[in-house]
Amino acid sequence: MKYELSQTFYFEAAHTLHRTVDVEPSLRIHGHTYIAEVTLGGAPDEGGMVVDLGYLRRNIETLRRELDHRFLDEVAGLGPATLENLCAYLWRAMELVYGAKLVCVEVRREASGDRCRLTR
């Protein structure tokens with residue numbers, strides 16, 4: 001049996017984006033409310049936890065501070081502020097801490113119905 005444990009968080013951020021559709025509005029600085037979710041998986045340890053949620057929340061808070069109320073175009077290592085790149089950015093940071101326990105990172109913009117999910 002495998003358990004999956006998730007923690008959801010949000011951040012508000014602005015960006016621009018070079019696209020071939022909706023070019024003009026995408027080039028203007030605009031912002032979104034992003035909702036992100038990190039999912040870890042595995043068997044519970046002797047204490048009954050896949051990971052202690054307290055530690056997961058601390059690690060997520062560090063990432064949230066890097067992104068919240070930021071201009072994403074200026075976040076080192078992110079690249080263009082696409083949902084795909086946000087997932088990859090969060091994945092790289094979480095994988096350093098949780099390794100193979102990391103099974104999914106998801107980033108959503110619920111106001112527009114957009115979602116990207118990166119899985120192992």
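The first residue in the sequence is number 1, and the count goes up from there.
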Student: Does a side-chain heavy-atom distance below 4.5 Å link V51 with L40?
Tutor: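 V51 reaches L40 side chain to side chain.
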Student: Please test E61 against R57 for salt bridge (charged side-chain N to carboxylate O under 4.0 Å, His left out), starting from the C-alpha separation and ending with a verdict.
Tutor: CA-CA 6 Å; E61 181 57 24; R57 287 185 188 114; over 6 Å; no
Student: Would you say the side chain of Q7 lies within less than 4.5 Å of the side chain of L53, judging by non-hydrogen atoms?
Tutor: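 Contact flag for L53/Q7 side chains = yes.
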Student: Is the shortest side-chain heavy-atom distance between Y34 and F9 below 4.5 Å?
Tutor: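 SC-SC contact between Y34 and F9 ruled out.
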Student: Does one hydrophobic cluster hold both Y3 and M49, with members joined at side-chain heavy-atom distances below 4.5 Å?
Tutor: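 No, no single cluster joins them.
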Student: Checking D68 against Y10 for the side-chain hydrogen bond (donor to acceptor under 3.5 Å, both in side chains) test, could you report, in this order, the C-alpha distance in whole Å, the side-chain angles of both residues, the deciding distance, and whether it holds?
Tutor: CA-CA 8 Å; D68 191 41; Y10 76 94; over 6 Å; no
Student: Tell me which donor-acceptor pairs under 3.5 Å the side chains of residues 76-85 have, and how far apart each pair is, sequence neighbours excluded?
Tutor:
{"residue": "T82", "atom": "OG1", "partner": "N85", "partner atom": "N", "Å": "3.0"}
{"residue": "N85", "atom": "ND2", "partner": "P80", "partner atom": "O", "Å": "2.7"}

Student: Does OH in Y55 sit with more than 12 non-hydrogen atoms of other residues, nucleotides or ligands closer than 6.0 Å?
Tutor: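 Result for OH/Y55: open.
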Student: Could you tell me whether the side chains of T8 and E37 share a donor-acceptor contact shorter than 3.5 Å?
Tutor: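 Indeed, the side chains of T8 and E37 share at least one donor-acceptor pair under 3.5 Å.
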Student: Apply salt bridge (Lys or Arg N to Asp or Glu O under 4.0 Å) to D114 and list each qualifying residue two or more places apart in sequence or on a separate chain.
Tutor: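 D114 satisfies salt bridge (Lys or Arg N to Asp or Glu O under 4.0 Å) with R109 once adjacent residues are dropped.
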Student: With the side chain counted from C-beta on, respond yes when D52 and L56 share a heavy-atom pair under 4.5 Å apart, and no when they do not.
Tutor: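 No, every pair of side-chain atoms sits at 4.5 Å or beyond.
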Student: In the structure I gave you, are the side-chain heavy atoms of V38 and W91 within less than 4.5 Å of one another anywhere?
Tutor: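 V38 does not reach W91 side chain to side chain.
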Student: Check whether any side-chain heavy atom of L63 lies under 4.5 Å from a side-chain heavy atom of L90, and answer yes or no.
Tutor: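 Yes, side chains in contact.
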Student: Is there side-chain contact between Y89 and V75, with at least one heavy-atom pair below 4.5 Å?
Tutor: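 Contact flag for Y89/V75 side chains = yes.
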Student: Whether E66 and R70 form a salt bridge (side-chain N of Lys/Arg under 4.0 Å from carboxylate O of Asp/Glu) is what I want to check.
Tutor: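 Salt bridge between R70 and E66, a charged N being under 4.0 Å from a carboxylate O: no.
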Student: Hey, could you give me the CD1/NE2 distance between I29 and H15, rounded to the nearest 0.5 Å?
Tutor: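 Here the interatomic distance stands at 10.5 Å.
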Student: Are the side chains of F11 and T33 in contact, using a 4.5 Å heavy-atom criterion?
Tutor: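 T33 does not reach F11 side chain to side chain.
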Student: Can you give each donor-acceptor pair under 3.5 Å made by side-chain atoms of residues 99-107, sequence neighbours left out, with the distance rounded to 0.1 Å?
Tutor:
{"residue": "K101", "atom": "NZ", "partner": "V50", "partner atom": "O", "Å": "2.8"}
{"residue": "E106", "atom": "OE1", "partner": "R117", "partner atom": "NE", "Å": "2.8"}
{"residue": "E106", "atom": "OE1", "partner": "R117", "partner atom": "NH2", "Å": "2.6"}
{"residue": "E106", "atom": "OE2", "partner": "R108", "partner atom": "NH1", "Å": "2.6"}

Student: Going by an N to O cut-off under 4.0 Å, is there a salt bridge joining E95 and R120?
Tutor: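 Result for this pair is yes, salt bridge flagged.
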